[in-house]
Amino acid sequence: MILEMKVPSPGESITEVEIAEWLVQDGDYVEKDQAIAEVDSDKATLELPAEASGTITLKAEEGDAVAVGQVVCLIDTSAEKPDGDASEKTEVKTEAPKVEEAPKPVVSEAKTYATGTASPAAKKILAEKGMDASTISGTGKDGRVTKEDAVKAVPSMGTPTGGNRGTSRSKMSMLRRKVAERLVEAKNTTAMLTTFNEVDMSPIFALRKEYKETFKAKHGVGLGFMSFFTLAVVRALKMYPAVNSMIDGKEMLSYDFVDVSIAVSGPKGLMVPVIRNAENLSFRGVEAEVKRLALRARDGKITVDEMTGGTFTISNGGVFGSMLSTPIINPPQSGILGMHNIVERPVAIDGQVVIRPIMYVALSYDHRIIDGKESVGFLVAVKEALENPTELLMNDDIKKALEL
């Protein structure tokens, strides 16, 4: 029986996908549930499993955009699985040894030089200048480049002199194209503004140094910075609910829950999975969910549902070494917090210059519904919580907050 495999719907509102890569070849025998292809939607890269065992016939090429429900391959379920020892029956072919031709006699000819041929001395001088003899008009016999020609030659600052100038062209994946569209959309359709602040990370460093080993032993996940930032954002969003809102037509839609999108780098580019109801999570809950989503994104197993929604985004450019940036809003959200690298800097505390680990933070927001007062107040609230986590995030009970 011939089974027609059609493209399943990866999620609501997705009407087509792109064949990113076939993991099998035309005519291969595949097992049921074996991954046969990777398909890109505008939100994620997903694996396409075989619906039955049999011999496969491909009906689409890599890079093709195919509609949801379109047939992309056929599987002949009546085909028998090939024997594993087929390779032992392969005939060994031998080729007759090649007979080398006798060398042709060398005919002595008068030595001539084509235009651009350089003398040994000229070659050395041109090599030091990074120039090619073919770019010089020689004055010697038959256009030969002489030593004097090489000395007088001046390399042009605007003309290539033998360096590699190759180019390559590759098609952008559907996911990358969609990310590009959304970034342009965010710039063109929002009144985006960014405010900045700095955070003294000393208190968090001290907490992590004292409790990270116990925390990991108890919960199986590390005590990272993301849980502190997520819980600080949850607290600040409760204080400034406009930042946890978005525009819907002529109305402002506000949420009484916090779904935090976290920007992570996956094999196919930037992905933004969502931590649902972050307001109900503890430090352990946030760290466990961050680890789960990051691993699924890295392994290409993240689903569309896990990246849909989100009321606010946290982006950590610091892991790549970014000192400061203006993150772009993730539409239709109205705010995004950018974390950056932590650098020891001199700061003034109580009239004394001391060295502290400082992180610059940035809040990009949609000025259409978030005023400057709210945006600055929100970022200050985040700063206060991070610089005083024991009181503001742990209610002065560290062990209870960390569930130790």
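Using a cut-off of 4.0 Å between Lys/Arg side-chain N and Asp/Glu carboxylate O, E213 and K216 are scored as not salt-bridged. In this structure, E387 pairs ionically with K383, as a charged nitrogen and a carboxylate oxygen lie closer than 4.0 Å.
The salt bridge (Lys or Arg N to Asp or Glu O under 4.0 Å) test applied to K81 returns E31, not counting sequence neighbours. Qualifying side chain to side chain donor-acceptor pair (under 3.5 Å) partners for T311, counting only residues two or more places apart in sequence or in other chains: N244.
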CA sep, side-chain torsions, deciding dist, call: I302, M271, side chain to side chain contact (heavy atoms under 4.5 Å, CB included): CA-CA 9 Å; I302 200 81; M271 296 183 179; 3.7 Å; yes
Intermediate values then yes/no, side chain to side chain contact (heavy atoms under 4.5 Å, CB included), V66 and E18: CA-CA 6 Å; V66 293; E18 183 178 286; over 6 Å; no
Check against side chain to side chain contact (heavy atoms under 4.5 Å, CB included), V353 and V347: CA-CA 5 Å; V353 176; V347 294; over 6 Å; no
Steps toward side chain to side chain contact (heavy atoms under 4.5 Å, CB included) verdict (M339, S315): CA-CA 6 Å; M339 302 165 58; S315 177; over 6 Å; no
CA sep, side-chain torsions, deciding dist, call: D371, K373, salt bridge (Lys or Arg N to Asp or Glu O under 4.0 Å): CA-CA 5 Å; D371 295 331; K373 179 181 178 181; over 6 Å; no
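Using modelled atom types, no side-chain atom of W22 and backbone atom of L58 make a donor-acceptor pair closer than 3.5 Å. No donor-acceptor pair under 3.5 Å is formed between the side chain of E198 and the backbone N or O of I358. Looking only at distances, a side-chain donor or acceptor of E306 sits under 3.5 Å from a matching main-chain atom of T303. A distance-only check finds a donor-acceptor pair linking the side chain of H219 to the backbone of L402 [under 3.5 Å]. Side-chain atoms of N197 do not come within 3.5 Å of backbone N or O of V361 as any donor-acceptor pair. H340 places no side-chain N or O within 3.5 Å of a backbone atom of N316 that could act as its donor or acceptor partner. With hydrogens and angles ignored, the 3.5 Å screen pairs a side-chain donor or acceptor of S334 with a backbone N or O of S245. With N277 contributing its side chain and E279 its backbone, the two residues share no donor-acceptor pair below 3.5 Å. The closest donor-acceptor contact from the side chain of R208 to the backbone of L223 lies under 3.5 Å. A donor-acceptor pair is defined here as one N or O able to donate and one able to accept, closer than 3.5 Å; no such pair exists between the side chain of T190 and the backbone of K187.
Neither side chain, E148 nor T139, offers a donor N or O lying under 3.5 Å from an acceptor on the other. Side-chain polar atoms of Q25 and D28 form no donor-acceptor pair below 3.5 angstrom. Side chains of T326 and S364: no donor on one and acceptor on the other come within 3.5 Å. Using a 3.5 Å distance cut-off with no hydrogens or angles, the side chains of D305 and T308 do not pair a donor with an acceptor.
Heavy-atom minimum distance, G310 versus R276: N-NH1, 4.2 Å. Here the closest non-hydrogen pair linking A242 and E374 is CB-OE2, 3.5 Å. For the residue pair V145 and A150, the shortest heavy atom distance occurs at CG1-N, 4.4 Å. Heavy-atom minimum distance, A65 versus E16: CB-OE1, 4.0 Å. The shortest heavy-atom contact between S282 and E403 is OG-OE2, 2.5 Å. For the pair L379 and T195, the tightest heavy-atom approach, listed with the atom from each and the gap, is CD2-O, 3.5 Å.
For the pair L363/F196, no side-chain contact is recorded, criterion being any heavy-atom separation below 4.5 Å from C-beta on. Considering only heavy atoms from C-beta on, E61 stays 4.5 Å or farther from I19 through its side chain. Between K59 and L74, the closest side-chain pair of non-hydrogen atoms falls below 4.5 Å. At least one side-chain heavy atom of L293 sits under 4.5 Å from a side-chain heavy atom of I275. Between M5 and L48, the closest side-chain pair of non-hydrogen atoms falls below 4.5 Å. Here the side chains of K6 and E4 are in contact, with some heavy-atom distance below 4.5 Å. Considering only heavy atoms from C-beta on, I342 comes within 4.5 Å of F225 through its side chain. Within the 4.5 Å cutoff, the side chain of I247 has no heavy atoms near those of the E251 side chain.
Separation of the F312 and Y365 ring centroids does not fall under the 6.0 Å cut-off.
Remark: of the listed residues L392, I398, D397, I398 is the sole one forming a side-chain contact (heavy atoms from CB on, under 4.5 Å) with M394.
With rounding to the nearest 0.5 Å, the separation of OG in S254 from CG in L237 is 11.0 Å. Between the OG atom of S53 and the CG atom of D76 there is a distance of 12.0 Å, given to the nearest 0.5 Å. M1 contributes atom CE, which lies 4.5 Å from atom OG1 of T77 (distance to the nearest 0.5 angstrom). Taken to the nearest 0.5 Å, the OG1 atom of T214 stands 8.5 Å off from the NZ atom of K399. One distance of note links OH of Y240 with CZ of R235; it measures 9.0 Å at 0.5 Å rounding. Note: N388 CG to T390 OG1 = 6.5 Å, rounded to the nearest 0.5 Å.
Within the cation-pi definition used here (under 6.0 Å to the ring centroid, within 45° of the axis), R356 does not qualify as a partner of F205.
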